[in-house]
Amino acid sequence: MGAMNRPSDGLSPVVAVDRRLQTPLYQQLYSGYRSAILDGRLKPGQRLPSTRVVAQELQISRILAVLAFEQLVAEGYIVSRGSAGSYVSNELPDPPQPRGSHQRAAADRRPGPRRLPKSKLARIDAPWLGLRGPFRTNQPALDEFPAAIWARLVARHARRMSPRQMMYGDHLGLRSLRDALADHLATVRSVPCTSDQILIVAGSQQGLTIAAHALLAPGDAVWLEEPGYGGARDAFLLAGAHVVGVPVDRDGLDVAAGIRRAPNGRAVYVTPSHQYPLGVVMSAPRRLQLLEWARRRGAWVFEDDYDSEYRYDGQPLASLCGLDADARVIYVGTFSKVLFPALRVGYLVVPRDLVARLCRFREAVDVFPSTLHQAVLADFIEEGHFARHLRRMRVIYAERRNALKAALARELPSLRVMGEHTGMHLALMLPSGARDRGLAVRAAENGISVVPLSTCYSGRSKEAGLVLGYGSTHLNEIDGAVNKLKALVATQSGCTD
Ligand SMILES: Cc1ncc(COP(=O)(O)O)c(C=O)c1O
């Protein structure tokens, strides 16, 4: 058994004795331990607490605990190894599965669970998501992450941890991290903010969930890009919002279509710097039109800026937030793409008058994320490692992007590529009616992980395509994987010339 899986030694299971019962106390104790062993709460080989500890915990005489343990030894449930203590016998058969009827009866009495949004559930099961192969969309180049530097900073902070750092702290998040972020965002993303407008959260998923709950009432209409990001959809559905798909064209979200479909919208979610999944950049006129609509309507604009640090062609893009003169934009950022997703650190930048309201909700969710990683991240940014990492990764991703673009142009010249100027993914468009889901399943069988574009739509009218991530795809994998894709696409008549 690996060290990680070892059962905890010497802990007491929940066993109660009741002095009012006729059954002798030592027998109650014996029965309690026997049940815990039989139903698997105590595992074979697990060390038991000593009879002294058991007696103390239950406030009974030690002799009663000794009697109970002797009976368990006599019946073969536990073995005594003298001064090394008593252990659950390794010879016991596996504990029976919990009895279904008992479980079900208990479950039936529970109130009906709230229904989880469907989109996320579907995405978890999708065959293309479980793979580590080429073109996985949400994965940065983890093998290029400066792990040694990170480990040094973690060790530094773990050694230095003061009682103050181990206590509850600021609900907005660690001040040093917010200061570092405010400077970074103002310079790199034109997000005008000070650190007291930043809330550190456990990734953008949590940021969206907190903001949606804080700012929307159940039933409020929210415009969502169509096609769009399932994670955002889930967050708004969870807050009870009524989500309305609004089409995206070459200029980004079609604001006029949004006004037609849901003039009463209370909020809109957009990825203006690199639309997920099509990758288009929202044009300046559309940005201004959206902000003007939000101003007139008194609506909130959720700007998800998840991967725009990596821009390969053209001018760097300013955020939508930077254009907002009416304090309407809630800016959502994440370290999942620029560092690694398991870090679970993201941030919200919110208009000043919303800080207290959002803080109140964040307090109800998780108070604040782990201080240790916030402190590590603050140093990582302040000491220049973050800027260096971004510069290095931009070069690596640009090479991968170029290689992918070239391979697609060579092997699948009739298929249009979209959204390749920024980020870590692009969209390969298929003729309408092509069965992209089937293609993605067959690609997954061949070890290639592509997201079918049609699964990013919530409404009926869908375009077909494949979303290809290149962040974690090595240069030497790209040509082979594109060739495989070409062969699969060719099996779908009408996909290529
Ligand atoms: C559009 C979009 N936003 C945000 C994220 C990151 O989410 P999180 O910060 O919760 O890891 C992703 C990840 O795939 C994404 O595609």
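One-based numbering, in listed order, for ligands and for the atoms of each.
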Counting only pairs under 3.5 Å, give me each side-chain donor-acceptor contact of residues 243-252, with atom names and distances, residues two or more places apart or in other chains.
| unit_1 | atom_1 | unit_2 | atom_2 | d |
| --- | --- | --- | --- | --- |
| Asp249 | OD1 | Asp251 | N | 2.8 |
| Asp249 | OD1 | Arg286 | NH1 | 2.9 |
| Asp249 | OD2 | Arg286 | NH2 | 2.9 |

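Annotation: salt bridge (charged side-chain N to carboxylate O under 4.0 Å, His left out) contacts involving residues 306-321, sequence neighbours excluded, comprise Asp313-Arg401. Pairs of residues two or more places apart, or lying in two chains, that qualify as ring pair (Phe, Tyr, Trp, His ring centres under 6.0 Å) and include a residue from residues 259-287 are Tyr229-Tyr276, His274-His425, Tyr276-His425.
Defined by atom type and a distance below 3.5 Å, a donor-acceptor pair is missing between the side-chain atoms of Arg344 and Ser370. A side-chain N or O of His385 and one of Arg388 form a donor-acceptor pair less than 3.5 Å apart. Between the side chains of Thr271 and Asp304, no donor N or O sits under 3.5 Å from an acceptor N or O.
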Provide, line by line, the atom pairs where ligand 1 and the protein bring an N/O atom each to a distance under 3.5 Å; else say none.
| unit_1 | atom_1 | unit_2 | atom_2 | d |
| --- | --- | --- | --- | --- |
| ligand 1 | 3 (N) | Asp304 | OD2 | 2.7 |
| ligand 1 | 7 (O) | Ser204 | OG | 3.0 |
| ligand 1 | 9 (O) | Ser204 | N | 2.7 |
| ligand 1 | 9 (O) | Ser204 | OG | 2.7 |
| ligand 1 | 9 (O) | Thr334 | OG1 | 2.6 |
| ligand 1 | 9 (O) | Ser336 | OG | 3.3 |
| ligand 1 | 10 (O) | Ser204 | N | 3.4 |
| ligand 1 | 10 (O) | Gln205 | N | 3.0 |
| ligand 1 | 10 (O) | Arg344 | NH2 | 2.9 |
| ligand 1 | 11 (O) | Ser336 | OG | 2.6 |
| ligand 1 | 11 (O) | Arg344 | NH1 | 2.8 |
| ligand 1 | 14 (O) | Lys337 | NZ | 3.2 |

